Trainee: 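Below you'll find the structure I mean.
Labels below follow one simple rule: chain letters A, B, ... track the order of the sequence lines, proteins then strands, and each chain is numbered from 1. Because the structure is predicted, anything quoted here is derived from the model rather than measured.
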2 protein chains.
Amino acid sequence: MKPTDDMPSMRQLRYFVALAEAGQYRRAAERMGISQPSLSQQIAALESRLGHRLVERRRGGITLTPAGREMLPHARGILNGASEMVALAQTLNSGVAGTLRLGATPTIGPYMLPAVLRRLHETHPGIKLMARDGPPRDMIEDLLAGRCDLVVTQLPLVAADLAQRRLYREPLMLAVARDHPLAARTHVTTGDLAGLDMLSLGPAFALHGQIAALCRDAEARLVGEYEGTSLDALRQMVAMNMGATLLPALYLRSELPDDDGDVVAVPFRSSLTRTVGVAWRRSLGRPRLITQFLDAADHVVGTAYRDRVVRDRG
Amino acid sequence: MKPTDDMPSMRQLRYFVALAEAGQYRRAAERMGISQPSLSQQIAALESRLGHRLVERRRGGITLTPAGREMLPHARGILNGASEMVALAQTLNSGVAGTLRLGATPTIGPYMLPAVLRRLHETHPGIKLMARDGPPRDMIEDLLAGRCDLVVTQLPLVAADLAQRRLYREPLMLAVARDHPLAARTHVTTGDLAGLDMLSLGPAFALHGQIAALCRDAEARLVGEYEGTSLDALRQMVAMNMGATLLPALYLRSELPDDDGDVVAVPFRSSLTRTVGVAWRRSLGRPRLITQFLDAADHVVGTAYRDRVVRDRG
DNA sequence: GTTTATCCATAGGATTTTCCTATACATGAA
DNA sequence: TTCATGTATAGGAAAATCCTATGGATAAAC
């Protein structure tokens, strides 16, 4: 906008309030650390912008005009708003508060986030999180579009302008119905899957890629009719003996009571894993908020998840 | 304060909001009527002042950082406040709204102000008035000290830096008890007052001066034991036959039922009057508010008071 | 793979604003 | 009158802001 805006400037408001409080130009100018003529000028400029005399100049000090009295609270309010803004900025800057918009895939979020959020809330009560849920592909899209700041998902990702951070690696296990021929095995190998019907999540999920690849290698049959959107749904399908699938170890720990379900998980002899981590836009930099989140996640991985996963930082 | 204030400037806030709304530097700069580099600089300066990156620069447009999202509503709030301030200034400027602090002496205010305020409220509902009451001397002191803006009082005044405006002149009448020897007279002259006991308000009232002067001229006796602070009190004293006094015609009209009171008012053959008007500090100028008040007062004088007073403008 | 287009950042110089010193003007006090 | 106090004005210095031109980085087009 042109040099002469019709709005009062912060400076003018500050000077005006100082003048009203000091009661004199000289003293107000002194308090503001400027010369009296400068103050005079700014007040005159403010009066000109508002089209009103704000102060009466009188021997022994100034008096606000009726208009000045009406303006004073407004000026104070505006300045308070600005102060609050600066204070908020400092708070955000210190990393103790802020709002992070989180995205998570249903194959990880429900089993990891609660513990991480609890930890984060303990160490930084000022940090608020808004979480959304969806297939990784959609989450990445949201992330790139700026609709969320941080996504918890399976790694690796291919997007070039996303920063990524691995959190841990967890085993994938073969899940079969209790009465399935493989249910009694202590281990399986890829070869055991030959000819098996395999269920999967939709192609928007990273797990889908792993399952599909495994099917190709093992010459198993990927059942395409149904593609779930949650591990729970997948487990139901397995329980109904519609096929086998791969389920992550952490999910099994949290959702499947040991040896007491309709689904049995059998480990692979040669370890099959998935990597879990977070991603954010490189252009976001590395705000304190993200560091705080990563610290909380690392803490959870290093305590509650210890011995269940492979810590895989970097 | 030093050139580099720690507060964001209005301009920066405007640019920031515009950028957030436009989604691009170029477009935002265009909307603000400045070049893109200027916008760039101001945004960078704002980020530097707040110690935070506020926007992510990305191909195809910008995205607010978490901190930027928190700041945006604050920035909007501050700008709204400033807009309101400007709007309020315009409203005040137009004279249709505002607050006038009024002072009135008890010998005039209670009988004139209600009608004036009613009129003023009809024609300018946005104007608010705060009234205070007290002896003229105190009111003038309040006026000079800036504790009120306009005083309704008896004129003339001696203060040099007060602007004065006469409103009307009203007769002063001799008030005596019903059974007083002079009560039956249709007229009195100064000579009739010789030896009479005269009551007065305190010396802080202008009426006191007139009564005292009359006593000197007529060789009447000014009763000093009691000095009331209201015409009502004075009337009570007269009714109890403690002496006579002067009462203004408007007061008598509004407070004394014709020929039906304990006090009788007798006019002077040679007119004795007092002048009523308003005063305000010259340094206040002549704000619209005062003009509006004067207009309302003139209207009342010219209608309700017609034939009872001498219009005495100027 | 190179080119082009788009978008933001940076640089240097012009313009505007703000500030300061010095001084003038106004008013009440001595 | 002269002095003291308090604000306004003038002129030049300093700072902030703006503009044009250009650089760098990335996505789209060829």
Trainee: Given atom CG of B:Leu19 and atom P of C:dC7, what is their separation to the nearest angstrom?
Mentor: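 The distance from CG of B:Leu19 to P of C:dC7 comes to 13 Å, rounded to the nearest Å.
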Trainee: Write down the distance between CZ (B:Arg27) and C1' (C:dC8), rounded to a whole number of angstrom.
Mentor: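 After rounding, the reported distance stands at 14 Å.
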Trainee: Taking atom P of D:dG6 as reference, at what distance in whole Å does atom CD of A:Glu30 sit?
Mentor: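 Rounded to the whole Å, the gap is 12 Å.
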Trainee: Looking only at side chains, do B:Thr99 and A:Glu70 share a donor and an acceptor under 3.5 Å apart?
Mentor: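 Judged by distance alone, the side chains do pair up.
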Trainee: Compare all side-chain heavy atoms of A:Ile34 with those of A:Gln41 and state whether any distance is below 4.5 angstrom.
Mentor: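 Not touching, per the 4.5 Å side-chain cut-off.
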Trainee: Mind calculating the distance between CG (B:Leu39) and C1' (C:dC8) to the nearest angstrom?
Mentor: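 My rounded result for the distance is 10 Å.
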Trainee: Check the distance between C:dC19's P and A:Gln12's CD and give it to me in whole angstrom.
Mentor: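 Spelled out: CD on A:Gln12 to P on C:dC19 is 10 Å.
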Trainee: What's the closest nucleotide to the side chain of A:Ile62 if the choices are C:dC20, D:dT7, C:dA9?
Mentor: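 Nearest to the side-chain atoms of A:Ile62, counting from C-beta on, is D:dT7.
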Trainee: Reading nucleotides 21-30 of chain C from the 5' end, what letters show protein touch, with B for base, S for backbone sugar-phosphate only, - for no heavy atom under 4.0 Å?
Mentor: BB----SS--
Trainee: I'd like to know if A:Asp138 pairs up with A:Arg132 as an ion pair, taking the criterion as any Lys NZ or Arg NE/NH1/NH2 lying under 4.0 Å from an Asp or Glu carboxylate oxygen.
Mentor: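 So A:Asp138 does not pair with A:Arg132 through a salt bridge.
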Trainee: Side chains of B:Phe16 and B:Leu79: does their closest heavy-atom pair fall under 4.5 Å?
Mentor: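 No - every pair of side-chain heavy atoms lies 4.5 Å or more apart.
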Trainee: With a 4.0 Å limit, can you tell me whether B:Tyr25 has a side-chain N or O closer than that to the phosphate oxygens OP1/OP2 of C:dT10?
Mentor: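 Answer no for this pair, as no side-chain N or O of B:Tyr25 is under 4.0 Å from OP1 or OP2.
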Trainee: Compare side-chain N and O positions of B:Arg57 against OP1 and OP2 of D:dT26 and report whether any pair is under 4.0 Å apart.
Mentor: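 So the side chain of B:Arg57 is outside the cut-off, no N or O lying under 4.0 Å from OP1 or OP2 of D:dT26.
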Trainee: Taking only N and O in the side chain of B:Gln42, is any of them less than 4.0 Å away from OP1 or OP2 of D:dC18?
Mentor: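 Yes, within the criterion.
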Trainee: Please report, rounded to the nearest Å, how far the P atom of D:dA8 is from the CD atom of A:Glu56.
Mentor: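 Checked: the CD to P distance equals 13 Å.
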Trainee: Quick check for you: among D:dG6, C:dA9, D:dT17, whose closest atom lies nearest to any side-chain atom of A:Arg26?
Mentor: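 Of all the options, the side chain of A:Arg26 is nearest to D:dG6.
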Trainee: Answer yes or no: is there a donor N or O on one side and an acceptor on the other, between the side chain of B:Ser200 and the main chain of B:Ile211, under 3.5 Å?
Mentor: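 Not a single qualifying donor-acceptor pair exists.
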Trainee: Minimum heavy-atom separation for B:Cys148 and B:Leu143, please, with both atom names.
Mentor: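 Closest approach of B:Cys148 to B:Leu143: O-CD1, 3.4 Å.
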Trainee: Please report, rounded to the nearest Å, how far the C1' atom of C:dC7 is from the CD1 atom of B:Ile43.
Mentor: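 Nearest whole value for this atom pair: 15 Å.
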Trainee: Is it the case that A:Arg281 and B:Thr63 place a side-chain donor and acceptor less than 3.5 Å from each other?
Mentor: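 No pair is found: no donor N or O on one side chain lies under 3.5 Å from an acceptor on the other.
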Trainee: May I ask you to evaluate whether B:Arg11 reaches the phosphate of C:dT17, defined as a side-chain N or O under 4.0 Å from OP1 or OP2?
Mentor: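 Result: no.
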Trainee: Please determine if a side-chain N or O atom of B:Ser40 lies less than 4.0 Å away from the OP1 or OP2 oxygen of C:dA9.
Mentor: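 For C:dA9, OP1 or OP2 has a side-chain N or O of B:Ser40 closer than 4.0 Å.
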Trainee: Please report, rounded to the nearest Å, how far the C1' atom of C:dA11 is from the CD atom of B:Gln41.
Mentor: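 Result: 10 Å.
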